Amino acid sequence: MPEESAAPPAIKLPAPPVCPENRPFLLEPQQPPKGAALLVHGFTASPWEMRPLGEALAAAGYLVRCVLLPGHGTTVADLAARRYEEWLAAVREGYGQLAETGLPVFGVGMSTGALLLLALAEEEKFAGLALLSPFLRLRHRLAPLVGLLRHVKRHQRRRLPEHLAPYYYDQRPLNGIHQIRRLIRRIEPTLESIHTPVLVLTALGDRTVDAASAHRLYQRLGSPRKGLHQFDAEIGHDLATRGNPRWEETRKRILDFFSGLPAGA
(Lines give C-alpha, C1' and ligand atoms only; values in the text may rest on other atoms or scores of the structure.)
Protein backbone atom coordinates (compact mmCIF):
# COMPACT_ATOMS: atom_id res chain seq x y z
CA MET A 1 0.00 0.00 0.00
CA PRO A 2 1.47 3.44 -0.89
CA GLU A 3 2.64 5.52 2.02
CA GLU A 4 0.28 8.40 1.21
CA SER A 5 -2.79 6.23 1.75
CA ALA A 6 -1.68 5.14 5.21
CA ALA A 7 -3.59 6.56 8.16
CA PRO A 8 -1.69 9.47 9.77
CA PRO A 9 -0.33 8.83 13.25
CA ALA A 10 -1.86 10.41 16.33
CA ILE A 11 -0.77 13.99 16.82
CA LYS A 12 1.92 14.23 19.49
CA LEU A 13 1.80 16.87 22.18
CA PRO A 14 4.41 19.57 21.50
CA ALA A 15 7.51 19.56 23.66
CA PRO A 16 8.28 22.83 25.44
CA PRO A 17 10.78 25.03 23.56
CA VAL A 18 14.30 24.94 24.95
CA CYS A 19 14.91 28.67 24.35
CA PRO A 20 12.27 31.26 25.43
CA GLU A 21 12.71 33.15 22.12
CA ASN A 22 11.57 30.03 20.27
CA ARG A 23 8.08 30.09 21.74
CA PRO A 24 5.05 31.00 19.63
CA PHE A 25 4.02 34.61 20.11
CA LEU A 26 1.07 36.98 19.83
CA LEU A 27 1.56 40.69 19.10
CA GLU A 28 -1.26 43.22 19.35
CA PRO A 29 -1.20 46.60 17.58
CA GLN A 30 -1.60 49.80 19.57
CA GLN A 31 -4.62 50.81 17.46
CA PRO A 32 -7.71 48.72 16.58
CA PRO A 33 -6.40 46.04 14.20
CA LYS A 34 -7.15 46.34 10.51
CA GLY A 35 -6.33 42.69 9.92
CA ALA A 36 -4.66 39.62 11.37
CA ALA A 37 -1.40 38.02 10.25
CA LEU A 38 -0.42 34.38 10.68
CA LEU A 39 3.36 33.83 10.62
CA VAL A 40 4.97 30.43 9.94
CA HIS A 41 8.71 29.79 10.30
CA GLY A 42 10.83 27.42 8.24
CA PHE A 43 12.25 23.92 8.64
CA THR A 44 14.70 23.48 11.59
CA ALA A 45 13.99 27.11 12.60
CA SER A 46 11.68 28.64 15.23
CA PRO A 47 9.34 31.63 15.73
CA TRP A 48 12.45 33.67 16.57
CA GLU A 49 13.17 34.11 12.86
CA MET A 50 9.70 35.62 12.24
CA ARG A 51 9.68 38.12 15.12
CA PRO A 52 11.16 41.09 13.18
CA LEU A 53 8.44 40.80 10.53
CA GLY A 54 5.85 40.20 13.28
CA GLU A 55 6.84 43.41 15.02
CA ALA A 56 6.70 45.31 11.73
CA LEU A 57 3.21 43.99 10.99
CA ALA A 58 1.99 44.80 14.51
CA ALA A 59 3.37 48.34 14.16
CA ALA A 60 1.43 48.63 10.89
CA GLY A 61 -1.86 47.71 12.62
CA TYR A 62 -2.11 43.93 12.33
CA LEU A 63 -2.88 41.43 15.07
CA VAL A 64 0.02 38.96 14.71
CA ARG A 65 0.25 35.31 15.73
CA CYS A 66 3.31 33.17 15.03
CA VAL A 67 2.96 29.42 15.46
CA LEU A 68 5.59 26.91 16.56
CA LEU A 69 5.75 23.92 14.24
CA PRO A 70 5.88 20.60 16.16
CA GLY A 71 9.41 19.30 16.58
CA HIS A 72 10.97 22.75 16.25
CA GLY A 73 12.63 24.83 18.93
CA THR A 74 13.11 21.70 21.04
CA THR A 75 15.49 18.93 19.93
CA VAL A 76 16.57 17.36 16.66
CA ALA A 77 15.26 14.00 17.88
CA ASP A 78 11.83 15.57 18.42
CA LEU A 79 11.76 16.90 14.86
CA ALA A 80 12.96 13.60 13.40
CA ALA A 81 9.81 11.85 14.66
CA ARG A 82 7.33 14.34 13.13
CA ARG A 83 5.21 14.30 10.00
CA TYR A 84 4.17 17.29 7.92
CA GLU A 85 0.53 16.67 8.87
CA GLU A 86 1.46 17.71 12.41
CA TRP A 87 3.02 20.94 11.14
CA LEU A 88 -0.07 21.66 9.07
CA ALA A 89 -2.33 21.01 12.06
CA ALA A 90 -0.44 23.67 14.05
CA VAL A 91 -0.84 26.17 11.20
CA ARG A 92 -4.53 25.33 10.90
CA GLU A 93 -5.00 25.91 14.63
CA GLY A 94 -3.25 29.28 14.43
CA TYR A 95 -5.46 30.29 11.52
CA GLY A 96 -8.59 29.30 13.42
CA GLN A 97 -7.61 31.42 16.42
CA LEU A 98 -7.18 34.47 14.21
CA ALA A 99 -10.29 33.79 12.12
CA GLU A 100 -12.38 33.80 15.31
CA THR A 101 -11.64 37.53 15.66
CA GLY A 102 -13.59 38.26 12.48
CA LEU A 103 -10.59 40.06 10.99
CA PRO A 104 -9.28 39.30 7.49
CA VAL A 105 -6.40 36.86 7.90
CA PHE A 106 -3.13 37.30 6.02
CA GLY A 107 -0.27 34.81 6.00
CA VAL A 108 3.52 35.21 5.93
CA GLY A 109 5.57 32.03 5.56
CA MET A 110 9.30 31.43 5.37
CA SER A 111 10.45 28.56 3.13
CA THR A 112 8.66 25.40 4.34
CA GLY A 113 6.33 27.73 6.27
CA ALA A 114 5.29 29.19 2.91
CA LEU A 115 4.42 25.71 1.62
CA LEU A 116 2.30 25.01 4.70
CA LEU A 117 0.35 28.23 4.11
CA LEU A 118 -0.31 27.14 0.52
CA ALA A 119 -1.54 23.78 1.78
CA LEU A 120 -3.93 25.53 4.17
CA ALA A 121 -5.06 27.93 1.44
CA GLU A 122 -6.65 24.91 -0.24
CA GLU A 123 -9.24 24.78 2.56
CA GLU A 124 -9.30 28.20 4.24
CA LYS A 125 -9.72 31.75 2.98
CA PHE A 126 -6.76 34.09 3.34
CA ALA A 127 -6.96 37.79 2.49
CA GLY A 128 -3.41 37.55 1.12
CA LEU A 129 -0.19 35.54 1.38
CA ALA A 130 3.46 36.60 1.39
CA LEU A 131 5.70 33.64 0.57
CA LEU A 132 9.41 34.06 1.38
CA SER A 133 11.79 31.67 -0.41
CA PRO A 134 9.07 29.16 -1.38
CA PHE A 135 10.15 26.23 -3.52
CA LEU A 136 9.18 23.09 -5.35
CA ARG A 137 12.68 21.59 -5.36
CA LEU A 138 15.53 21.37 -2.87
CA ARG A 139 19.02 22.07 -4.21
CA HIS A 140 20.81 19.08 -2.65
CA ARG A 141 21.49 16.49 -5.34
CA LEU A 142 20.52 13.60 -3.03
CA ALA A 143 17.17 15.10 -2.01
CA PRO A 144 15.19 12.85 -4.42
CA LEU A 145 16.65 9.79 -2.64
CA VAL A 146 15.92 10.94 0.89
CA GLY A 147 12.96 8.56 1.23
CA LEU A 148 15.47 5.69 1.13
CA LEU A 149 18.47 7.40 2.69
CA ARG A 150 16.57 8.30 5.86
CA HIS A 151 16.61 4.61 6.81
CA VAL A 152 20.42 4.44 6.80
CA LYS A 153 21.42 8.03 7.67
CA ARG A 154 19.36 9.92 10.21
CA HIS A 155 20.74 13.45 9.99
CA GLN A 156 22.56 15.88 7.74
CA ARG A 157 24.94 18.20 9.59
CA ARG A 158 25.44 21.82 8.61
CA ARG A 159 27.61 24.69 9.76
CA LEU A 160 25.70 27.14 11.90
CA PRO A 161 27.02 30.47 13.20
CA GLU A 162 27.29 30.48 16.97
CA HIS A 163 24.86 33.38 17.41
CA LEU A 164 22.14 31.40 15.59
CA ALA A 165 22.63 28.14 17.49
CA PRO A 166 19.83 28.81 20.04
CA TYR A 167 17.24 29.32 17.30
CA TYR A 168 18.08 26.77 14.58
CA TYR A 169 19.18 23.15 14.55
CA ASP A 170 22.68 22.36 13.28
CA GLN A 171 21.34 19.05 11.95
CA ARG A 172 18.57 18.38 9.46
CA PRO A 173 16.73 15.10 10.10
CA LEU A 174 16.45 13.28 6.80
CA ASN A 175 12.96 12.17 7.73
CA GLY A 176 12.06 15.85 8.00
CA ILE A 177 13.35 16.46 4.48
CA HIS A 178 11.26 13.48 3.39
CA GLN A 179 8.23 15.17 4.97
CA ILE A 180 8.94 18.34 3.01
CA ARG A 181 8.98 16.36 -0.22
CA ARG A 182 5.66 14.77 0.79
CA LEU A 183 4.28 18.27 1.43
CA ILE A 184 5.42 19.41 -2.03
CA ARG A 185 3.67 16.41 -3.60
CA ARG A 186 0.51 17.47 -1.79
CA ILE A 187 0.46 21.12 -2.84
CA GLU A 188 1.91 20.94 -6.36
CA PRO A 189 -1.23 19.54 -8.04
CA THR A 190 -3.43 22.17 -6.34
CA LEU A 191 -1.57 25.37 -7.18
CA GLU A 192 -3.88 26.26 -10.07
CA SER A 193 -6.89 26.12 -7.73
CA ILE A 194 -5.45 28.63 -5.24
CA HIS A 195 -6.94 32.06 -5.95
CA THR A 196 -5.64 33.90 -2.89
CA PRO A 197 -3.66 37.07 -3.67
CA VAL A 198 0.01 36.04 -3.35
CA LEU A 199 3.35 37.83 -3.18
CA VAL A 200 6.39 35.61 -3.85
CA LEU A 201 9.85 36.78 -2.76
CA THR A 202 12.87 34.73 -3.76
CA ALA A 203 16.62 35.26 -4.16
CA LEU A 204 19.12 34.35 -6.84
CA GLY A 205 21.74 33.61 -4.18
CA ASP A 206 19.65 30.93 -2.45
CA ARG A 207 21.82 27.86 -1.79
CA THR A 208 19.19 25.88 0.12
CA VAL A 209 16.35 25.59 -2.38
CA ASP A 210 16.03 25.94 -6.14
CA ALA A 211 15.02 29.58 -6.69
CA ALA A 212 13.92 28.73 -10.23
CA SER A 213 11.29 26.42 -8.75
CA ALA A 214 9.79 29.45 -6.96
CA HIS A 215 9.17 30.93 -10.41
CA ARG A 216 7.42 27.74 -11.50
CA LEU A 217 5.32 27.82 -8.33
CA TYR A 218 4.39 31.44 -9.01
CA GLN A 219 3.44 30.77 -12.62
CA ARG A 220 1.17 27.90 -11.66
CA LEU A 221 -0.73 29.76 -8.95
CA GLY A 222 -4.31 30.41 -10.00
CA SER A 223 -4.55 33.79 -8.28
CA PRO A 224 -5.53 36.65 -10.59
CA ARG A 225 -3.63 38.99 -8.27
CA LYS A 226 -0.06 37.94 -7.62
CA GLY A 227 3.40 39.45 -7.59
CA LEU A 228 6.95 38.11 -7.83
CA HIS A 229 10.24 39.74 -6.87
CA GLN A 230 13.66 38.10 -7.07
CA PHE A 231 16.56 39.57 -5.12
CA ASP A 232 20.00 39.32 -6.70
CA ALA A 233 22.86 36.93 -5.96
CA GLU A 234 24.03 38.76 -2.83
CA ILE A 235 20.87 37.62 -1.02
CA GLY A 236 20.49 34.04 0.21
CA HIS A 237 17.72 31.86 1.55
CA ASP A 238 16.97 33.80 4.75
CA LEU A 239 14.58 36.65 3.94
CA ALA A 240 12.72 36.88 7.26
CA THR A 241 15.41 37.99 9.72
CA ARG A 242 17.50 41.13 9.86
CA GLY A 243 20.37 39.01 8.62
CA ASN A 244 18.85 39.64 5.19
CA PRO A 245 20.74 42.67 3.78
CA ARG A 246 17.52 43.74 2.04
CA TRP A 247 15.30 43.20 5.08
CA GLU A 248 13.85 46.73 5.02
CA GLU A 249 12.86 46.28 1.39
CA THR A 250 11.38 42.88 2.21
CA ARG A 251 9.31 44.40 5.02
CA LYS A 252 8.09 47.24 2.79
CA ARG A 253 7.14 44.94 -0.08
CA ILE A 254 5.04 42.77 2.25
CA LEU A 255 3.28 45.71 3.92
CA ASP A 256 2.64 47.44 0.59
CA PHE A 257 1.21 44.27 -0.92
CA PHE A 258 -1.14 43.64 2.01
CA SER A 259 -2.29 47.26 2.27
CA GLY A 260 -3.02 47.31 -1.46
CA LEU A 261 -5.51 44.46 -1.16
CA PRO A 262 -9.21 45.25 -0.64
CA ALA A 263 -9.42 43.36 2.68
CA GLY A 264 -6.37 45.21 3.98
CA ALA A 265 -7.56 48.74 3.14
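These numbers come from a predicted model, not from an experiment. In what follows, residues are counted from 1 in the order of the sequence shown.
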Partners of [X] by side chain to side chain donor-acceptor pair (under 3.5 Å), sequence neighbours excluded?
X      : result
Gln219 : none
Thr202 : none
Glu248 : Arg251
Glu21  : none

Just how far is it from atom [atom1] of [X] to atom [atom2] of [Y], taken to the nearest 0.5 Å?
X      : Y      : atom1 : atom2 : result
Leu174 : Gln171 : CG    : CD    : 10.5 Å
Leu98  : Glu100 : CG    : CD    : 9.0 Å
Arg216 : Leu136 : CZ    : CG    : 6.0 Å
Leu132 : Leu53  : CG    : CG    : 6.5 Å
Leu191 : Ser223 : CG    : OG    : 11.5 Å
Ile187 : Ile194 : CD1   : CD1   : 7.0 Å

I'd like to check the side-chain contact (heavy atoms from CB on, under 4.5 Å) partners of [X]; sequence neighbours left out, ordered by chain and number.
X      : result
Thr241 : Trp48, Glu49, Tyr168, Asp238
Pro161 : His163, Leu164
Pro245 : Ile235
Glu234 : Asp232, Arg246

Exercise. Does the side chain to side chain contact (heavy atoms under 4.5 Å, CB included) test come out yes or no for Val40 and Val67, once each step is laid out?
Worked result: CA-CA 6 Å; Val40 188; Val67 300; 4.2 Å; yes

Looking at [X] and [Y], what are the two nearest heavy atoms and their distance?
X      : Y      : answer
Pro134 : Val200 : CG-CG1, 3.8 Å
Gly71  : Leu79  : O-CB, 3.2 Å
Leu239 : Leu201 : CD1-O, 3.5 Å
Trp87  : Gly176 : CH2-O, 3.9 Å
Ala233 : Leu204 : N-CB, 3.8 Å
Pro70  : Ala90  : CD-CB, 3.7 Å

For residues 102-124, run the donor-acceptor check on the side chains, cut-off 3.5 Å, and write out each pair with its distance to 0.1 Å, sequence neighbours left out.
| residue | atom | partner | partner atom | Å |
| --- | --- | --- | --- | --- |
| Ser111 | OG | His237 | NE2 | 3.0 |
| Glu122 | OE2 | Thr190 | OG1 | 3.2 |
| Glu123 | OE1 | Arg92 | NH2 | 3.3 |
| Glu123 | OE2 | Arg92 | NE | 2.7 |
| Glu123 | OE2 | Arg92 | NH2 | 3.4 |

Could you tell me whether a side-chain N or O of [X] sits under 3.5 Å from a main-chain N or O of [Y], the two making a donor and an acceptor?
X      : Y      : result
Tyr62  : Pro33  : no
His41  : Leu69  : yes
Asn22  : Ser46  : no
Lys226 : Leu221 : yes

For this session: Have a look at Tyr169 and tell me which of Thr74, Thr75, Asp78 forms a side-chain hydrogen bond (donor to acceptor under 3.5 Å, both in side chains) with it.
Result: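 One option only clears the test, and that one is Thr74.
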
Exercise. Do we get Arg65 above Phe25's six-membered ring, with its NZ or CZ under 6.0 Å from the centre and within 45° of the axis?
Worked result: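 No, Arg65 does not sit over the ring of Phe25.
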
Exercise. Can Arg51 and Glu55 be said to form a side chain to side chain contact (heavy atoms under 4.5 Å, CB included), step by step?
Worked result: CA-CA 6 Å; Arg51 184 168 282 275; Glu55 292 173 348; 3.5 Å; yes

For this session: Can you tell me which residue pairs pass the ring pair (Phe, Tyr, Trp, His ring centres under 6.0 Å) test with a partner in residues 183-230, sequence neighbours excluded?
Result: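 Counting only pairs at least two positions apart or across chains, the ring pair (Phe, Tyr, Trp, His ring centres under 6.0 Å) contacts touching residues 183-230 are His229-Phe231.
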
Exercise. Mind checking what makes ring-ring contact (aromatic ring centres under 6.0 Å, His included) contact with Phe126, not counting sequence neighbours?
Worked result: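 So Phe126 forms a ring-ring contact (aromatic ring centres under 6.0 Å, His included) with Tyr95.
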
For this session: Could you please spell out the steps behind the side chain to side chain contact (heavy atoms under 4.5 Å, CB included) verdict for Tyr84 and Ile180?
Result: CA-CA 7 Å; Tyr84 89 77; Ile180 293 173; over 6 Å; no

Problem set entry | Heavy-atom check, side chain of Leu129 versus side chain of Pro197, under 4.5 Å |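 The answer is no, as the side chains (C-beta and beyond) never meet within the 4.5 Å cut-off.
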
For this session: Please examine the side chains of Cys19 and Pro166, heavy atoms only from C-beta on, and report whether any two atoms are closer than 4.5 Å.
Result: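 Side-chain contact under 4.5 Å: yes.
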
For this session: List in chain and number order the residues that pass salt bridge (Lys or Arg N to Asp or Glu O under 4.0 Å) with Glu192, two or more places apart in sequence or in another chain; answer none if no residue qualifies.
Result: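 Only Arg220 meet the salt bridge (Lys or Arg N to Asp or Glu O under 4.0 Å) criterion with Glu192.
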
Problem set entry | CA sep, side-chain torsions, deciding dist, call: Val64, Leu26, side chain to side chain contact (heavy atoms under 4.5 Å, CB included) | CA-CA 6 Å; Val64 177; Leu26 177 70; over 6 Å; no

